[in-house]
> 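Sharing a structure, written as structure tokens. Questions coming.
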Amino acid sequence: MTIFTDLISNVALLLALSILYSFLTRIWKRGEMTGRILAGFLFGGVAVTGMMIPFHYAPGIIFDGRSIVVSMAGLFGGPAAAAVSALIAGAYRLGLGGAGALTGLGVVFTSAALGAGYHYLRRKNPDVIKPLYLFAFGVIVHIFMLLWMLTLPWSIAFEVLHKISIPVMLIFPLGALFLGTLLADQEEHIYAQKALRESEQFLRALFESIQDGISVLNTDLTIRHVNEIMNQWYAKNLPLEGRKCYECYHNADKSCDPCPTLRCIESGKIEWDVVPGLPGSPVEWIELYGYPMKDPNSGEVTGVMEFVRDVTDRKHAEDQIKRSLREKESLLAEIHHRVKNNMQIISSLLSLQSKDIEDERALSLIKNCEDRIRSMSLVHEKLYLSEDLSSISFNDYITSMATYLFQVHRVDSRIVSFSSHIKDVLFNIETAIPLGLIANEIISNALKHGFPEGRKGKIAVELTQNKKAGEYTLTVTDDGIGFPKGIDYQNPKTFGLQLTNMLTEQLSGTMELDKSKGTSFKITFKEQVYRKRI
């Protein structure tokens, strides 16, 4: 049992010293040559310490755990560490002398070479430092160690192998396993710490490099962290961290209203708003996004990360655009109002002039012109009264125009009724004016010629839409005496029908006449787009 006890004590001592090494390795950079050389010195020192308290088999023949330590130097430190530790351990073994000095030297350099070779194997396959592989590595190293015993004098070589082989193969591979596992865990810990530091440095650099303000808050609105931009914006209220956000950012004694951060805490979702900046600061308006930070296990909101953007210039630009838009809307409304007034003046002048006209045909022409001008004037009146100056409700327009025409032609609505079947359709001025003039001509003709001598009847206007084709159909129907025979509505001689055909072409449409039941005009067209004027 003495062999087992002494070898176990020696290996235990080396493991204890290696633990000290594992703590020392935290101070050097493993990737640099100086660090590898330092590792070699540390491993060599541990091996020498083990050789100071060895198992003495015979004078000049000693056994210790140097093979474990030097092989681990090569495995974890690479060739440089292996070479330095082997030189230190080998020099000390030669200094001890005895029959086993050269054998011991061979064990040292063989262990170092095997460790360095396994180091390169590990670079290709990191899994070779798993426990099973480490144990196998320890077995291989100590098989070579036992083979070196054959270099001893033949008189004692086989005796040594007979007595030492089983204890060595039972104890030393386990020592290699324990030491290798310890060093692998320590190395993983060092790499993890390094990765953590690098990650923290990266996140800090990213945190500070963002040109928007970033503020991390607790759920009670206490500021935990801010980036440099926030310190610059709120320099008058430094320090920011550790204080309430409303105190630092708004010089207030309570939370703001609105407060997207409070909404974020309550909802657990991203919230956004534009809020005032610090009074007196050049950052007058800020766009604030609140992102909830949640506990990964419970999902509970533990804080809020605010992303703050200076939108002062944008807010001023938006306000300027709104003011400019209001001015333009007022100007456009005034233009429509003046156009309407001018047309009414023209209509009034024509009405005054008509009083001096005795010729019925000339008087009829003047009246027709009044109706057409009134129809166009009505479009501008509707636009002036509309909230949307780019389009008008066609149903309101047709109803108002029909009411006017009934009054002008002195037709009793109890005798001839009017009905409109138009949904809430909006047309731009490019479409409304020609379409209104078409309806004006057809309704006027119906009122003048369709119901003579107090004949009762009705006039109906209907507008339908074919969304698939992008077309509208306007139908104006009356149940009067019918369209006069012998008149070609597509090639008419009267100005009214000529105007109707011309306006239909302007709308890129077609016109059909149905004379089966009274008179029915059907105009199919597409809404016109705004044509740029030069």
> Which residues pass the salt bridge (Lys or Arg N to Asp or Glu O under 4.0 Å) test with D253, not counting sequence neighbours?
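Checked D253 against salt bridge (Lys or Arg N to Asp or Glu O under 4.0 Å); zero matches.
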> Evaluate the criterion side chain to side chain contact (heavy atoms under 4.5 Å, CB included) for residue pair E241 and H225; output intermediate values, then yes/no.
CA-CA 6 Å; E241 296 175 354; H225 304 290; 4.2 Å; yes
> Inspect the contact between D273 and R263 and indicate whether a charged nitrogen and a carboxylate oxygen are less than 4.0 angstrom apart.
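A salt bridge links R263 with D273.
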> Quick one: NE2 on H119 to CZ on F76, what's the gap to the nearest 0.5 Å?
10.5 Å
> What I'd like to find out is whether the side chain of L463 reaches to under 4.5 Å of the side chain of F427, using heavy atoms alone.
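They are in side-chain contact.
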> Evaluate whether atom CZ of R309 has more than 12 neighbouring non-hydrogen atoms of other residues, nucleotides or ligands under 6.0 angstrom away.
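Result for CZ/R309: open.
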> For side chain to side chain contact (heavy atoms under 4.5 Å, CB included), just list the numbers for F144 and S111, CA-CA rounded to whole Å, side-chain angles, deciding distance to a tenth of an Å, and then say yes or no.
CA-CA 8 Å; F144 277 91; S111 300; over 6 Å; no
> With a 4.5 Å limit on heavy-atom distance, are the side chains of N237 and N251 in contact?
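Of all side-chain heavy-atom pairs linking N251 with N237, at least one is under 4.5 Å.
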> Report yes if the side chains of Y246 and L221 come closer than 4.5 Å at any heavy-atom pair, otherwise no.
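Yes - at least one pair of side-chain heavy atoms lies under 4.5 Å apart.
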> Can you check whether I214's main-chain N or O pairs, donor with acceptor, with N227's side chain at less than 3.5 Å?
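At least one qualifying donor-acceptor pair exists.
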> Give me the atom names and distance for the closest heavy-atom approach of A80 to R36.
CB-CB, 4.1 Å
> Please confirm whether the backbone N or O of N428 pairs with a side-chain atom of E527, one donor and one acceptor, at under 3.5 Å?
yes
> Considering all heavy atoms of both residues, which atom of S215 and which atom of M230 are nearest to each other, and what is their separation?
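Looking at all heavy atoms of both residues, the shortest contact is CB-CE, 4.1 Å.
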> Would you check if L507 and L435 make a side-chain contact, meaning some heavy-atom pair closer than 4.5 Å?
yes
> Is the closest side-chain heavy-atom distance between F394 and T431 below 4.5 Å?
no
> Counting only heavy atoms not in F41, do more than 12 fall under 6.0 Å of its CZ?
no
> Tell me, please, which residues at least two apart from T103 pass side chain to side chain contact (heavy atoms under 4.5 Å, CB included).
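Side chain to side chain contact (heavy atoms under 4.5 Å, CB included) check on T103 returns W148, M149, T151, L152.
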> ring-ring contact (aromatic ring centres under 6.0 Å, His included) with Y92: which residues, sequence neighbours excluded?
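Result, ring-ring contact (aromatic ring centres under 6.0 Å, His included) vs Y92: none returned.
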> Is there any salt bridge (charged side-chain N to carboxylate O under 4.0 Å, His left out) pair reaching into residues 141-151, and which pairs are they, with sequence neighbours excluded?
none
> Checking K244 side chain against I223 main chain: does a donor-acceptor pair fall under 3.5 Å?
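Side chain of K244 to backbone of I223, a donor-acceptor pair under 3.5 Å: no, none is there.
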> Side chains of L183 and L75: closer than 4.5 Å at any heavy-atom pair?
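Side-chain contact under 4.5 Å: no.
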> Side chains of M293 and V216: closer than 4.5 Å at any heavy-atom pair?
yes
> Please find the pair of heavy atoms, one from V108 and one from G90, that lie closest to each other, and give the distance.
CG1-N, 4.0 Å
> Are side-chain N/O atoms of T261 and E271 paired as donor and acceptor at under 3.5 Å?
no
> Using 30° and 60° as the class limits, which term best fits the ring planes of Y249 and Y234: parallel, tilted or perpendicular?
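Geometry flag for Y234 against Y249: tilted rings.
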> How close do E471 and T524 get, counting heavy atoms only, and between which atoms?
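Smallest interatomic distance, heavy atoms only, reads OE1-CG2, 3.7 Å.
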> Tell me the side-chain hydrogen bond (donor to acceptor under 3.5 Å, both in side chains) pairs involving residues 128-145, sequence neighbours left out?
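Of all non-adjacent pairs touching residues 128-145, those that pass side-chain hydrogen bond (donor to acceptor under 3.5 Å, both in side chains) are S67-H142.
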> Is a side-chain N or O of N125 found less than 3.5 angstrom from the main chain of V128, in a donor-acceptor match?
no
> So, S85 side chain and A82 main chain: donor-acceptor pair closer than 3.5 Å or not?
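Yes.
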> Before you tell me yes or no, could you show the steps for L105 and L94 under side chain to side chain contact (heavy atoms under 4.5 Å, CB included), namely the whole-Å CA-CA distance, both residues' side-chain angles and the distance that decides it to 0.1 Å?
CA-CA 7 Å; L105 190 63; L94 283 176; 4.0 Å; yes
> Counting only N and O atoms by type, is there a donor-acceptor contact under 3.5 Å from the side chain of S199 to the main-chain atoms of A195?
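Checking the backbone N and O of A195 against the side chain of S199, no donor-acceptor pair under 3.5 Å is found.
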> Taking atom CG of L114 and atom CE of M145, what is their separation to the nearest 0.5 Å?
13.0 Å
> Go through T473 and N466 one step at a time and tell me if the side chain to side chain contact (heavy atoms under 4.5 Å, CB included) criterion holds.
CA-CA 8 Å; T473 299; N466 184 344; over 6 Å; no
> For the CZ atom of R66 and the CD1 atom of I88, what is their distance to the nearest 0.5 Å?
14.5 Å
> Output the distance between atom CZ (F525) and atom CD (Q528), rounded to the nearest 0.5 Å.
9.0 Å
> Output the distance between atom OH (Y118) and atom CG (L134), rounded to the nearest 0.5 Å.
6.0 Å
> Grab the two heavy atoms, one from P292 and one from G290, that are nearest each other, plus how far apart they are.
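Looks like CD-O, 3.9 Å.
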> Rounded to the nearest 0.5 Å, what separates atom CG in N218 from atom CD1 in I265?
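Answer for the CG-CD1 pair, N218 versus I265, is 9.0 Å.
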> Going by heavy atoms in the side chains, are L146 and M169 under 4.5 Å from each other?
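Yes, side chains in contact.
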> How about F109: does its CZ atom have over 12 heavy atoms from other parts shown lying under 6.0 Å from it?
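Counting other residues, nucleotides and ligands, CZ of F109 exceeds 12 neighbours.
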> Taking CD in E159 as the centre, count heavy atoms belonging to other residues, nucleotides or ligands within less than 6.0 Å. Is the count above 12?
yes
> Kindly state each residue pair satisfying side-chain hydrogen bond (donor to acceptor under 3.5 Å, both in side chains) with at least one member in residues 73-82, sequence neighbours excluded.
none
> Show your working on side chain to side chain donor-acceptor pair (under 3.5 Å) between T222 and D220 and close with a plain yes or no.
CA-CA 6 Å; T222 300; D220 63 355; 3.0 Å; yes
> What pair of heavy atoms forms the shortest contact from P239 to C248, and how long is it?
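The pair with the smallest heavy-atom distance is O-SG, 4.4 Å.
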